[in-house]
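Single-structure report; data block below.
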Amino acid sequence: MEHLTALRGFRDIYGEEIERFTLIERAARAYFQLLGYKEIEIPVLEKTELFKRSIGDTTDIVEKEMFTFTDRSGDSVTLRPEATAGIVRAYLQASLYAKERASRLFTVGPMFRHERPQKGRFRQFYQMDVEVFGIADPMADAELIWMVFLILGRLGVTNYTVEINSVGCRGCRDEFRKALVRFLESKKEGLCTDCAGRLDRNPLRIFDCKNAACFDAITDAPVIFDYLCDECRKHFDDCLGRLGAFHVPYVVNKRLVRGLDYYTRTVFEFTSPDLGAQKAFAAGGRYDNLVEEMGGPSIPGTGLAIGMERLALLVRELPPGQTPLYFLARVGEEAEAWLIPLLDAFVSSGMPLAYAQPARSLKSQLKYANSLGADYALILADEEVSKGIVLMRDMKDGTQKELPLDPAGLPRLVKG
RNA sequence: GUGGGUGUAGCUCAGCGGCAGAGCACCGGGCUGUGGACCCGGGUGUCGAGGGUUCGAACCCCUUCACUCACCCCA
C-alpha cells in the first residue's frame with residue numbers, strides 16, 4: 001500500500017531547520033520587544049474579499065496564487081497569502097487607532113500561495129510580519145529596516161544588500177503612470193505577451209519582468225523616482241538620512257517596485273546572492289492609503305515581512321548546546337530500578353539525562369551515549385547498586401570516579 | 001501554468017539488457033563491565049508506480065506520480 005505524503009509545496013519542518021527557525025525567531029523577538037512591538041495572532045483563513053481589496057484585484061497573487069474555496073455555508077474564503085491584510089482588518093476591528101496614537105504589531109506564522117515550488121519557495125511558508133500604524137514620518141520606515149539589520153547582525157548573516165526606492169503617493173504615481181504608458185505604447189512591439197497585457201492593467205509591474213526583451217524596452221523608460229512630488233521626495237531623502245544615522249548600508253534601486261498594489265512611498269528589499277532565484281528574504285514598504293481603503297480612518301502604515309525559510313538558508317552556524325548532557329547506562333535488574341528515581345531527580349534539577357531503551361550491553365549503551373554527544377555517562381550495574389555507588393565517566397577523556405548512589409544529591413554532585 | 005534535471009538500502013550514490021551493489025549509518029562480535037580509533041561478520045531493498053518490448057528489464061519504450069532547479073511570481 002502506498003503511504004500518504006504531504007501535499008506538493010507543503011512540508012514538514014524538523015531537525016536542524018526548525019532549530020534555525022527557533023534561532024531566528026528568538027533573535028527577532030528580542031528586538032521586537034526592545035522597540036515596543038506587540039505580538040498579535042490573526043486567523044489563517046479570511047474572507048476572500050479582504051485580500052482582493054487590500055492586495056489588489058489585478059495582482060498575480062490574487063489572480064492565480066491564492067488558496068481560495070467555498071466553505072460549507074457557501075462563502076468564499078482564502079488561506080492568507082500574506083499577513084498585512086489580516087492585521088489591518090484586526091486593527092480596524094479592534095479600533096486600535098482610537099486607543100493608541102501609534103501601533104507596533106508583529107505576527108509569526110504560515111502563509112499560503114499556490115505557486116510551483118522551487119528553492120526557497122513553498123506553498124505553505126512562514127513569515128515574521130511587522131507593521132507600524134499611525135506614523136507618517138519616514139522614521140518608522142527607517143526603524144523597520146534598521147531592526148532587520150540588527151536581527152541579521154545578531155544571526156551572523158552578512159552577505160546581503162538592502163535595496164530601497166520610493167513608489168510615490170497617489171498624486172505622483174498617477175503622473176508617472178501616464179508618462180510610462182505613453183512611453184511603452186511606442187515600444188509595444190518589443191514587449192512579451194505578459195507585459196503587453198500589463199500595460200493596461202498594471203504597467204508598473206513591467207519593471208519586474210526578467211524577460212530580456214522587456215528589460216531592453218524599459219532601459220530608457222521613465223522611472224517613478226523622477227516623478228516624485230516634493231513631499232514624496234522629501235520623505236525619501238529623510239528616510240535615507242535616518243538609515244545613514246543608523247549606519248545601515250543601502251543601495252537606491254530606482255526600478256524597484258513591489259507586487260502588491262497598496263504600497264506608497266518607501267519600498268525596500270533585503271536580497272542575498274546565496275539564495276538562488278528567489279533572492280529576496282525580507283521586504284516591505286509603506287502603505288499610507290490602505291487603512292482608509294479598507295474602510296478605516298486615514299491612518300498611515302508601514303511594514304515588512306521576513307521569509308523564514310529563506311532567512312534560515314542564510315543562517316550558517318548553529319550555536320552548540322551549552323548545558324552538558326548526561327547519560328545513564330544501567331546493567332541488570334537492580335540497576336534498572338534506579339532509572340526512574342534518577343531521571344526524576346535530574347529533570348527536576350533542570351539537567352538533561354538521556355538513556356537507552358531498552359538497555360542492551362554496556363558497550364552498546366556507551367556507544368549510544370557517544371552518538372548522542374553525551375558529556376558524562378553515569379554507569380550503574382548491580383554491583384554498584386550493592387555498593388551504593390554510581391560511576392561517572394567523563395566521555396571526553398575516559399576518566400571515571402565513584403559517586404554515592406543518592407538521587408536527591410546526585411544532580412548537584414555531578415555538576416562538580 | 002511552462003520547461004530542464006533526478007527518483008536504486010535509513011542517508012549519499014554507482015550500476016544503464018544477463019545473480020541487486022559501494023561508502024556512511026545501523027546491529028552483533030573481537031573486549032561475556034566501558035564509547036570515539038581499529039579488525040571481523042551481518043544487506044536491512046515492492047530499483048517511485050502502472051503498462052509495453054524482450055528468452056531475460058533497475059537499465060529500452062509509453063503513461064503516471066513525486067522531488068528538484070529555472071521561467072512566472074514573490075518572503
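As the structure is a computational prediction, the values presented were derived from the model and not from experiment. By convention in this document, chain letters (A, B, ...) are assigned in the order of the sequence lines, proteins followed by strands, and residues within each chain are numbered from 1.
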With rounding to the closest Å, how many angstrom separate the P atoms on B/C24 and B/C38? 9 Å

Using atom C1' in both nucleotides, what's the gap between B/G43 and B/G56 to the nearest angstrom? 25 Å

A/Lys119 side chain: which of B/A75, B/C69, B/U34 is closest? B/C69

Selection from B/A75, B/G33, B/C71 that lies nearest to any side-chain heavy atom of A/Ala277: B/C71

Is the Lys NZ or Arg CZ of A/Arg113 less than 6.0 Å from the centre of A/Phe125's six-membered ring, within 45° of the axis? no

Roughly how many Å apart are B/U8 and B/C67, using the P atom of each and rounding to a whole number? 14 Å

Aromatic ring centroids of A/Phe67 and A/Phe10 under 6.0 Å? yes

Have a look at A/Asp141 and tell me which of A/Arg242, A/Arg286, A/Arg265 forms a side-chain hydrogen bond (donor to acceptor under 3.5 Å, both in side chains) with it. A/Arg286

Interatomic distance at C1', B/C65 relative to B/G48, whole Å: 7 Å

Under 4.0 Å, counting only non-hydrogen atoms across every strand here, what does A/Ala282 touch: a base, just sugar-phosphate, or nothing? sugar-phosphate

Once you apply the 3.5 Å cut-off to both distances, tell me the Watson-Crick or G-U wobble partner of B/G21, or none. B/C13

Test side chain to side chain contact (heavy atoms under 4.5 Å, CB included) on A/Leu144 and A/Val148 and set out the steps. CA-CA 7 Å; A/Leu144 285 170; A/Val148 177; 6.0 Å; no

Would you give the length of the straight line joining atom CG of A/Asn289 to atom CD1 of A/Ile299, rounded to the nearest 0.5 angstrom? 12.5 Å

Please name the nucleotide paired to B/G41 by Watson-Crick or G-U wobble geometry with both distances under 3.5 Å, or report none. B/C27

Is there, by distance only and without an angle test, a donor paired with an acceptor across the side chain of A/Glu384 and the base of B/G33 below 3.5 Å? yes

Mapping A/Ala6 and A/Phe281 to their closest nucleotides on RNA chain B, which lands nearer the 5' end? A/Ala6

Any N or O donor-acceptor pair linking the side chain of A/Asn370 to the base of B/G35 at under 3.5 Å? yes

Quick one: closest heavy-atom pair of A/Met66 and A/Pro81, and the distance? SD-CG, 3.8 Å

Is it the case that B/C72 (base atoms only) and A/Arg121 (side chain only) share a donor and an acceptor within less than 3.5 Å, ignoring hydrogens and angles? yes

Paired nucleotide for B/G33 [Watson-Crick or G-U wobble; both distances under 3.5 Å]: none

Inter-nucleotide P distance (B/A57, B/C47), Å rounded: 13 Å

Under 4.0 Å from OP1 or OP2 of B/U68: is there any side-chain N or O of A/Arg8 that close? no

Could you tell me whether A/Gly284 contacts a base, only the sugar-phosphate backbone, or nothing, with contacts defined as non-hydrogen atoms closer than 4.0 Å? nothing

Quick one: does NZ or CZ of A/Arg104 land under 6.0 Å from the six-membered ring centre of A/Tyr37, within 45 degrees of the ring axis? yes

What nucleotide, of B/A75, B/U34, B/C71, holds the atom closest to the side chain of A/Gln278? B/C71

If you measure from the C1' atom in B/C59 to the same atom in B/G29, how many Å do you get, rounded? 39 Å

Which nucleotide sits closest to the side chain of A/Arg360: B/G35, B/G28, B/A75? B/G28

Given B/A75, B/G35, B/C72, which nucleotide is nearest the side-chain atoms of A/Lys367? B/G35

Round to the nearest Å and state the distance from A/Asp375 atom CG to B/G35 atom P. 18 Å

Can you find an N or O donor on one side and an acceptor on the other, under 3.5 Å apart, linking the side chain of A/Gln365 with the base of B/U34? no

Audit row: A/Thr399, A/Arg393, side chain to side chain contact (heavy atoms under 4.5 Å, CB included) steps and yes/no: CA-CA 6 Å; A/Thr399 58; A/Arg393 179 180 182 83; over 6 Å; no

Would you give a per-nucleotide map of nucleotides 2-13 of chain B, 5' to 3', where B means the base has a protein non-hydrogen atom under 4.0 Å away, S means only the sugar-phosphate does, and - means neither? BB----------

Rounded to whole Å, CD of A/Glu402 lies from C1' of B/U34 at a distance of 15 Å

Whole-Å P distance, B/A22 and B/A9: 14 Å

Tell which nucleotide pairs with B/C67, taking only Watson-Crick or G-U wobble pairs whose two distances are both under 3.5 angstrom. B/G5

Euclidean distance for C1', B/G51 against B/U44 (whole angstrom): 30 Å

Let me spell it out: for each of A/Tyr368 and A/Ile61, pick the nucleotide of RNA chain B with the closest heavy atom. Which residue's pick is nearer the 5' end? A/Tyr368

Over how many whole Å does the gap from A/Asp397 atom CG to B/G35 atom C1' extend? 13 Å

Do any N or O atoms from the side chain of A/Glu115 and from the backbone of A/Arg123 form a donor-acceptor pair under 3.5 angstrom? no

Under 3.5 Å donor-acceptor pair, A/Gln118 side-chain atoms to B/C72 base atoms: yes

